Structures are given as C-alpha cells and as structure tokens.
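One structure below.
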Amino acid sequence: MTQDQISDARRLLAQKQEIVIFSHRNPDGDAVGSSLGLMHYLRDEGHNCTVVLPSDYPFFLRFLPAVESMVIFDNDPPAAQEVIDRATLFFILDFNSFDRIDKMAEGMKDDDRPRIMIDHHLFPEPIADPIFSRPEASSTCELVYEFIRYLGHADRITKKTSDCLYTGILTDTGGFKYSTSPTLFRTTAELLLAGTDAYKIADHVWNSQTEKQLRLLGHCLANRMELLPEHRTGLIYLTKQDYEAFDIQRGDTEGIVNYVMRMPEYMIAAFIHEQPKIVKISLRSKGNMDVQQIAKAHFRGGGHRNAAGGASFAPLGSTINRFKKQLPKYAAEIEAAYLEFNNQ
Ligand code: 5GP
Ligand code: MN
C-alpha cells in the first residue's frame with residue numbers, strides 16, 4: 001500500500017459514509033470473515049455499513065458476529081438493490097473482477113461512486129481505486145488487518161473484528177498450512193491479543209460437519225475419485241444425480257478436493273461437479289505447480305497458484321475429458337514441481 005493510497009482511503013473515510021461491502025459468489029470463510037471484520041471496524045468508526053453478497057454463506061460461518069445482518073442478493077434482490085442505491089462508498093473484498101459477483105456488477109461499471117478494493121488474488125482488474133492488492137498475502141482478512149493498521153487504528157480492533165479476521169485467515173490457510181509467513185503469524189498474534197479465542201473458532205470451523213457431509217465425503221473417496229498417477233493428479237467428480245441423492249447444498253462439498261493432496265505422490269487435485277447450468281471446477285496444487293494458469297487457459301477462471309477454479313458449459317463427461325487432455329502439456333512442470341517440493 002503506497003502513502004498515496006493510504007491518504008486516499010483516509011480521505012474517503014474522513015466523513016461519515018454509507019458503505020456497502022461486496023464479496024464474491026459462493027463466499028468462503030475469507031470472503032465473509034474479511035467483509036464482516038471490516039464492517040465491524042467501519043461501524044465502530046461511525047459509518048453506516050452493510051455487507052452485500054451475491055449468494056448465501058456456508059452454515060459453518062453462522063457463529064460470526066452480525067452474520068445475520070448481511071444482505072444476500074439471491075435471496076432478496078430488491079433489498080440488496082436498496083442498500084446499493086443508498087451507498088456513498090463501496091469496498092470490494094476477496095475478489096478482483098466483476099465476473100465474481102455476476103448480476104450485482106450490472107450498473108457498477110459505469111457507476112462513479114468511489115470503490116476501494118482489498119484483495120489477494122492475482123492480476124486485479126482496474127475496477128476500484130485505490131486497490132490494495134498483495135497476492136502473497138494468505139488471505140483478504142490478513143490484508144484487512146494491514147489496511148486498518150495503515151490507517152493507524154490497529155489498537156481499535158475489537159474482538160468482533162478479530163474473530164472475523166481470524167476465521168478467514170484460518171480457513172484460507174487451511175488451518176495455517178498454506179501461504180503462511182512471519183508477517184501473518186505476527187498479525188495473528190495481534191488478533192489473539194484483541195481477544196479472539198483460537199480454540200473456539202477452530203471448533204466452529206472444523207467441527208461443524210453434518211452426517212450428510214461425512215457420508216458424501218465417503219462416497220466421493222470410495223466411488224467418485226479417479227487417479228492419474230502418471231500425471232500426479234487426482235480428480236473427484238459429482239453428477240447431478242449425486243446432488244439429488246445426497247441432497248447436496250452449497251458448502252457441503254467444501255474441502256473435499258483437498259483429500260487428494262494427502263497422497264504425497266500427487267501434485268494436482270481437481271473437483272469437477274455438475275451444477276444446474278454449468279460444470280464447476282476447483283483445482284488445488286502443491287509447491288510450484290501453478291493451477292491458476294490451467295483454470296485461466298481452459299476453464300475461463302483464475303485464482304491463486306495453488307488454489308484456482310473455473311467453469312465449463314460442456315457436459316460433465318466432456319469437461320472431465322478436457323481436463324485430462326490438458327495434463328500432458330503440463331507434464332514437465334508437474335514433475336519439476338514434484339522434485340522441488342520433495343527436496344525441501
Ligand atoms: P474454490 O475452488 O474454493 O471454489 O476456489 C479456489 C480459488 O479459485 C478461489 O480463491 C477463487 O478465487 C478462485 N476461483 C474459483 N472459481 C473461480 C472462477 O470461476 N473464476 C475465477 N477467476 N476464480 C475462481
Ligand atoms: Mn481469499
């Protein structure tokens with residue numbers, strides 16, 4: 001964050017604003033945690049502030065303070081439109097291109113009300129000013145903490161804010177497994193000093209699975225996992241019929257893709273699932289293997305080096321085949337990443 005950017009943000013926040021915080025469709029712990037964390041801080045500073053999301057949040061985040069205050073566009077478009085119309089300032093959190101909020105972006109492109117972006121995805125599009133982007137950061141929550149610190153207000157962070165930010169850091173790092181850094185642990189220490197109980201948050205986040213979710217995980221691993229050892233890649237797929245048979249709701253499949261990574265020989269995991277109109281693909285990788293480029297080149301997507309996603313309009317079977325057909329192109333990169341990863 002440059003001095004000019006900080007001054008711009010300070011100037012925008014110097015007077016009382018009607019603030020709308022946007023985050024992305026299918027919001028995860030980082031999207032919801034960063035949005036609510038920033039909301040609590042901005043409310044404490046005297047602003048009116050509402051979080052508006054395109055689609056509903058997963059069940060395991062129901063414990064976050066003021067989670068019920070979020071306005072979900074899919075559930076109530078007029079209510080969302082009303083708060084958007086009233087806004088004098090927008091924050092864009094945990095996404096960096098308008099296609100991540102689909103219908104809600106309509107009208108935004110030509111809207112001249114100020115927008116501030118805080119995000120850690122690669123290649124931010126110029127849809128806000130200032131843009132606080134640091135792709136090496138673990139999470140948008142880590143960056144929201146930095147944003148507040150740059151404003152000189154780190155000591156004003158309350159437990160409500162720290163609980164939200166800690167949650168997003170915990171989930172986006174997979175429990176402090178990925179994208180950690182000395183800076184992140186320092187930030188985390190500050191959040192604990194603000195009153196967050198790490199054990200309680202961990203219990204909410206990791207121990208809130210339903211019986212259905214555990215049985216679905218069993219089904220995925222027993223019946224829907226296909227391994228391609230020659231490409232160090234494993235994929236798990238779910239059909240529309242699976243969605244019906246298991247009554248799968250949003251969030252029920254969260255984290256399933258990561259199980260492939262438990263096998264040390266595997267460098268890439270894909271989760272390919274049929275949704276009503278599209279086939280969604282989630283990709284994960286280890287070490288230097290970059291799955292963001294695969295998502296971007298073949299599935300109109302993006303994300304991070306080790307966690308990316310995209311979509312396909314082709315049927316499930318052909319999407320799976322398309323994915324498999326790309327792998328030989330990346331053979332050398334996969335092998336190099338594997339060797340590097342195991343030599344650390
Ligand atoms: P997930 O697999 O958990 O849905 O997403 C993993 C990462 O990939 C997220 O950080 C997200 O930003 C990115 N991602 C997932 N789906 C898409 C997509 O359709 N387009 C883009 N640009 N990024 C995506
Ligand atoms: Mn994130």
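From a predicted model like this one, the values you see are computed outputs, not experimental measurements. Counting starts at 1 for both ligands and their atoms, in listed order.
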- Any idea which heavy atoms bring Lys240 and Glu274 closest together, and the distance?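 Heavy atoms of Lys240 and Glu274 come nearest at N-OE1, 2.8 Å.
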- Check Pro130 against Ala9 and note the closest heavy-atom contact, atom names and distance. CG-N, 4.5 Å
At less than 2.8 Å, would any N/O/S atom of [X], backbone or side chain, sit next to the Mn ion (ligand 2)?
| X | answer |
| --- | --- |
| Asp94 | yes |
| Asp172 | yes |
| His120 | yes |

- Using only N, O or S atoms, tell me which atom of Asp30 is closest to the Mn ion (ligand 2). OD2
- Item | Separation between NZ of Lys16 and CG of Asn48, rounded to the nearest 0.5 Å | 4.5 Å
N/O to N/O below 3.5 Å, does that happen between [X] and ligand 1?
| X | result |
| --- | --- |
| His304 | yes |
| Leu283 | no |
| Ala311 | no |

- Task: State whether Phe123 and Lys296 meet the cation-pi test: NZ (Lys) or CZ (Arg) under 6.0 Å from the six-membered ring centroid, and within 45° of the perpendicular axis.
- Result: yes
- Identified side chain to side chain contact (heavy atoms under 4.5 Å, CB included) partner of Ile19 from the options Arg43, His47, Glu45: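 With Ile19 as partner, side chain to side chain contact (heavy atoms under 4.5 Å, CB included) holds for just one option, His47.
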- Message: Once you measure the plane-to-plane angle for His121 and His24, does it fall in the parallel (<30°), tilted (30-60°) or perpendicular (>60°) bin?
- Response: perpendicular
- Check if Arg284 has a non-hydrogen atom at a distance under 4.0 Å from any atom of ligand 1. yes
- Query: Contact between Gln292 and ligand 1, counting heavy atoms under 4.0 Å?
  - Reply: no
No-hydrogen, no-angle side-chain donor-acceptor test under 3.5 Å, [X] and [Y]:
| X | Y | answer |
| --- | --- | --- |
| Thr196 | Asp163 | yes |
| Thr88 | Gln17 | yes |
| Glu125 | Asn96 | no |

Would you tell me which option among [options] has the nearest heavy-atom contact to [atom]?
| atom | options | answer |
| --- | --- | --- |
| atom 4 (O) of ligand 1 | Ser282, Ser139, Gly309 | Ser282 |
| atom 7 (C) of ligand 1 | Ala31, Gly301, Ala307 | Ala307 |
| atom 11 (C) of ligand 1 | Arg300, Glu254, Lys280, Arg100 | Arg100 |

- Query: So which protein heavy atom does atom 9 (C) of ligand 1 come closest to, and at what separation?
  - Reply: His121 NE2, 4.1 Å
- Query: For atom 23 (N) of ligand 1, what is the nearest protein heavy atom, given as residue, atom name and distance?
  - Reply: Gly302 O, 3.2 Å
- More than 12 heavy atoms of other groups within 6.0 Å of Glu230 CD: yes
- Check His24 against ligand 1 and report side chain, backbone, both or neither, counting heavy atoms closer than 4.0 Å. neither
